[in-house]
Amino acid sequence: MAAKPKVPVKLVSWDEIVEWSRGLASRIEESGWKPDVIVAVARGGYVPARLLCDFLDVTDLLSVQSQHWVEAARMAEKAILKFPYKLDLSDLKVLLVDDIVDTGDTLILAKDFIAREWTPKDLKIAALQWISPVAKIKPDYYYIEVKEWIWFQYPWTRLEDTMQFITRIFREDERVKGKIIREDELKSVFKEWYGIEPESLGFYWDMALEKLAAKGVLERVEGGFKAVKV
Ligand code: ADE
């Protein structure tokens with residue numbers, strides 16, 4: 001059996017996203033509650049929120065954007081809301097949607113903001129997934145309860161995540177740091193770190209390497225790749 005990956009990753013397909021969103025919509029419907037407006041937490045909540053609009057027959061879709069800041073002094077991540085605009089939703093029932101409730105910080109922030117600044121008649125939270133052992137809040141609706149932390153590689157961040165996964169190897173793996181590594185070696189280290197085959201990423205693998213080279217993070221050299229500034 002293969003060794004446990006450093007970072008457990010589950011590749012989520014578009015089909016799974018549709019299936020999970022449909023299941024989530026059913027849970028909401030079965031509860032007898034119907035939102036007037038859906039608010040997507042940007043950017044992870046966009047696709048699920050749009051699918052919920054379709055499945056629940058909701059026309060109005062808004063968004064708030066959260067952003068993570070690394071607090072220099074504490075090296076802790078802090079969530080803030082970008083573009084905090086004001087609205088009056090006093091006559092409306094709002095469903096706030098994100099892809100996943102991990103720590104829950106983003107959703108707590110967005111929920112408090114909307115409750116305070118948009119004053120909706122009612123406000124509930126839905127997410128495709130809820131990592132119950134680490135989350136500070138439980139969403140009103142979720143489709144999958146995750147009991148052990150995993151990085152869910154959603155289809156809308158496939159390139160971004162692949163680039164970050166590769167960068168982390170060049171930054172942290174002693175066998176790779178400062179060396180020239182052949183692409184087949186990189187693929188096997190990648191598999192070890194993340195537990196997924198680079199082949200399963202399709203065109204995203206090549207695209208990630210191309211973009212990293214174009215950004216000057218990696219350099220394509222005779223026989224492989226070398227880190228430049230990771
Ligand atoms: N965003 C925050 N936590 C996540 C996780 N565990 N998987 C995918 N996206 C996330």
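Indexing begins at 1, ligand by ligand and atom by atom, following the structure's order. Position 1 is the first residue of the sequence, and the numbers go up from there.
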Among all protein non-hydrogen atoms, which one is nearest to [atom], and what is the separation to 0.1 Å?
atom	result
atom 8 (C) of ligand 1	Phe152 O, 3.0 Å
atom 3 (N) of ligand 1	Asp102 OD2, 2.7 Å
atom 5 (C) of ligand 1	Trp151 CE3, 3.5 Å
atom 6 (N) of ligand 1	Ile150 O, 2.9 Å

Taking only non-hydrogen atoms of Tyr154 and a 4.0 Å limit, the atoms of ligand 1 in range are 8 (C), 9 (N)

Only heavy atoms of Trp149, strictly under 4.0 Å: list the atoms of ligand 1 that pass. 6 (N)

Using the rule that two of Ile, Leu, Val, Met, Phe, Trp, Tyr join whenever any of their side-chain heavy atoms come within less than 4.5 Å, decide whether Phe83 and Tyr46 are in one cluster. no

Can we say Lys121 and Asp91 salt-bridge, meaning some charged N sits less than 4.0 Å from an Asp/Glu carboxylate O? no

Does the pair Gln129 and Tyr154 meet the rule for a side chain to side chain donor-acceptor pair (under 3.5 Å), with working shown? CA-CA 12 Å; Gln129 300 184 281; Tyr154 297 120; 2.5 Å; yes

Centroid-centroid distance, Tyr85 to Trp118, less than 6.0 Å: yes

Side chain to side chain contact (heavy atoms under 4.5 Å, CB included), that's the test. Do Phe113 and Val64 meet it? Break it down for me. CA-CA 10 Å; Phe113 169 79; Val64 289; 4.3 Å; yes

Passes ring pair (Phe, Tyr, Trp, His ring centres under 6.0 Å), Phe165 versus Trp205? Steps please. CA-CA 11 Å; Phe165 290 164; Trp205 175 264; over 10 Å; no

Consider ligand 1: state whether an atom of it lies below 4.0 angstrom from any non-hydrogen atom of Ile131. yes

